[in-house]
Amino acid sequence: EELTVSKTAETSYTREHFWDIDKTVDTENGYTLDGFPKIWLDGPGSAGDETATWTIDVSYKGYEDRDFNVSGLITIENTGSLAAVITSVADVLGGAPITVDCGVGFPHNLAVGATLTCTYSEDGYVEGLNEVTVTTERDQYFANAAIVWGAPTTVINETVNISDLSDLFGAVYLGTATAPNGAQFQYSKHFAWADYADSCGAGFQYANTATIVETGQSASATLKVNVRCEILDVSKTAETSYTREHFWDIDKSVDTENGHELDGFPKIWL
């Protein structure tokens, strides 16, 4: 009896990448109102003209590996000159026994020159060896394969696409970001009073949202624009006035040479 036993250990797992997105809008003068960036278009003329710039930052947050699996084949070939009666096929993965499917019951008679193929599949992350022991009525045979975790077999969101939807520009495709690097996108618009001259006294609010297409994450930035069609020169004075009143007291006395008094009064006796 002589058996030749070989085995394989194929690994697979999924790697998912994670992202974050932020969006801001900045104006040249940096005015705000109610927490929103604000442009005041003062006209007529171009004194109040101003440019707004939108910035989209896509930042990489790392990845997570999951859905680990080790699977493979166990091949048993009778290379001897006698039929072999196999009583068991035992497989150990990373030190723990696992189930093997050979498609036959045991004991199993393996004729000369015949081959028996078994399969296994086990979920979870393990390290070490996948070791198989084939036992016959006469002997034991061994084979092993190293468990090697290579590159992920499934990759999710390694590269993401960034789209933008705004009241000013409609739907725009901005580009991509690829792990482990982030990406930044910018675009600007100049706001001129001449373009809003027919909207004196009106206010406008422009919403703007950028989205990571694959994950659905989004970030928004809103710009407000007000059109003021008159220019006022304002000056003022501050004049003060008040009254100051002064207060007095008066006293009078009479003195005589001899200093005589009668009933509390100075008194002269002639």
Side-chain angles (χ1 to χ4, degrees), residues 18-62 164-170 172 174 182-212 216-270:
F18 299 98
W19 302 87
D20 198 5
I21 188 170
D22 183 58
K23 185 168 191 177
T24 58
V25 55
D26 299 292
T27 60
E28 288 181 276
N29 293 325
Y31 298 137
T32 61
L33 183 66
D34 299 329
F36 293 97
K38 184 82 168 184
I39 289 178
W40 300 96
L41 293 178
D42 292 321
S46 59
D49 293 1
E50 195 173 345
T51 297
T53 300
W54 286 264
T55 302
I56 300 95
D57 287 300
V58 181
S59 54
Y60 181 62
K61 309 303 289 184
D164 196 73
L165 181 63
S166 70
D167 294 337
L168 287 167
F169 309 104
V172 177
L174 297 179
Q184 185 180 83
F185 307 92
Q186 278 189 334
Y187 56 87
S188 300
K189 177 176 172 58
H190 185 68
F191 292 85
W193 181 87
D195 296 331
Y196 289 82
D198 295 333
S199 302
C200 291
F204 300 87
Q205 180 167 304
Y206 298 110
N208 198 304
T209 301
T211 302
I212 300 176
Q217 295 167 270
S218 64
S220 298
T222 298
L223 174 69
K224 292 188 173 184
V225 177
N226 266 56
V227 185
R228 299 187 293 196
C229 298
E230 60 182 8
I231 298 177
L232 301 179
D233 289 325
V234 180
S235 62
K236 77 182 312 295
T237 61
E239 304 295 336
T240 61
S241 67
Y242 64 97
T243 298
R244 175 171 291 167
E245 183 179 0
H246 299 269
F247 298 96
W248 303 88
D249 200 2
I250 189 169
D251 184 56
K252 187 169 185 177
S253 62
V254 57
D255 298 293
T256 63
E257 286 181 274
N258 294 325
H260 298 310
E261 289 186 352
L262 180 65
D263 298 328
F265 293 97
K267 184 79 172 183
I268 292 177
W269 300 95
L270 295 177

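Each residue takes its place number in the sequence, starting with 1. The figures here come from the full heavy-atom set of this structure, side chains too, leaving out hydrogens, waters and symmetry mates. What you see is a predicted model, and the numbers here were worked out from it, not measured in a lab.
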Closest heavy-atom pair and its distance - [X], [Y]:
| X | Y | result |
| --- | --- | --- |
| W269 | H260 | CD1-CD2, 4.1 Å |
| N226 | G203 | OD1-CA, 3.7 Å |
| V227 | S199 | CB-O, 3.4 Å |
| P37 | T222 | CD-O, 3.4 Å |
| S218 | T209 | CB-CG2, 3.8 Å |
| G48 | L41 | O-CD2, 3.5 Å |

(request) Please lay out, stage by stage, how F265 and V254 fare under the test side-chain contact (heavy atoms from CB on, under 4.5 Å). (result) CA-CA 9 Å; F265 293 97; V254 57; over 6 Å; no
Do [X] and [Y] have side chains that approach each other closer than 4.5 Å (heavy atoms only, starting at C-beta)?
| X | Y | result |
| --- | --- | --- |
| W193 | C229 | yes |
| F191 | F204 | no |
| W54 | S166 | no |

(request) Verify, without hydrogens or angle tests, whether Q217 (side chain) and I21 (backbone) share a donor-acceptor contact under 3.5 angstrom. (result)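 Between the backbone of I21 and the side chain of Q217 there is no qualifying donor-acceptor contact (under 3.5 Å).
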(request) Check for a donor-acceptor pair, side chain of D20 on one end and backbone N or O of S59 on the other, with a separation under 3.5 Å. (result)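 Absent.
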Rounded to the nearest 0.5 Å, how far does [atom2] of [Y] lie from [atom1] of [X]?
| X | Y | atom1 | atom2 | value |
| --- | --- | --- | --- | --- |
| I268 | L262 | CD1 | CG | 13.0 Å |
| L174 | D164 | CG | CG | 5.0 Å |
| R228 | Y196 | CZ | OH | 15.0 Å |
| L223 | D26 | CG | CG | 10.0 Å |
| F185 | T55 | CZ | OG1 | 12.0 Å |

(request) Would you mind telling me which of L33, T27, V225 makes a side-chain contact (heavy atoms from CB on, under 4.5 Å) with W40? (result)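 Among the candidates, only L33 passes.
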(request) Please step through side-chain contact (heavy atoms from CB on, under 4.5 Å) for the pair E50 and N29, ending with a clear verdict. (result) CA-CA 8 Å; E50 195 173 345; N29 293 325; 3.1 Å; yes
(request) Go through the steps for T256 and K267 under the test side-chain contact (heavy atoms from CB on, under 4.5 Å), then give the verdict. (result) CA-CA 7 Å; T256 63; K267 184 79 172 183; over 6 Å; no
(request) Apply side-chain contact (heavy atoms from CB on, under 4.5 Å) to K189 and F169, showing your working. (result) CA-CA 10 Å; K189 177 176 172 58; F169 309 104; 3.8 Å; yes
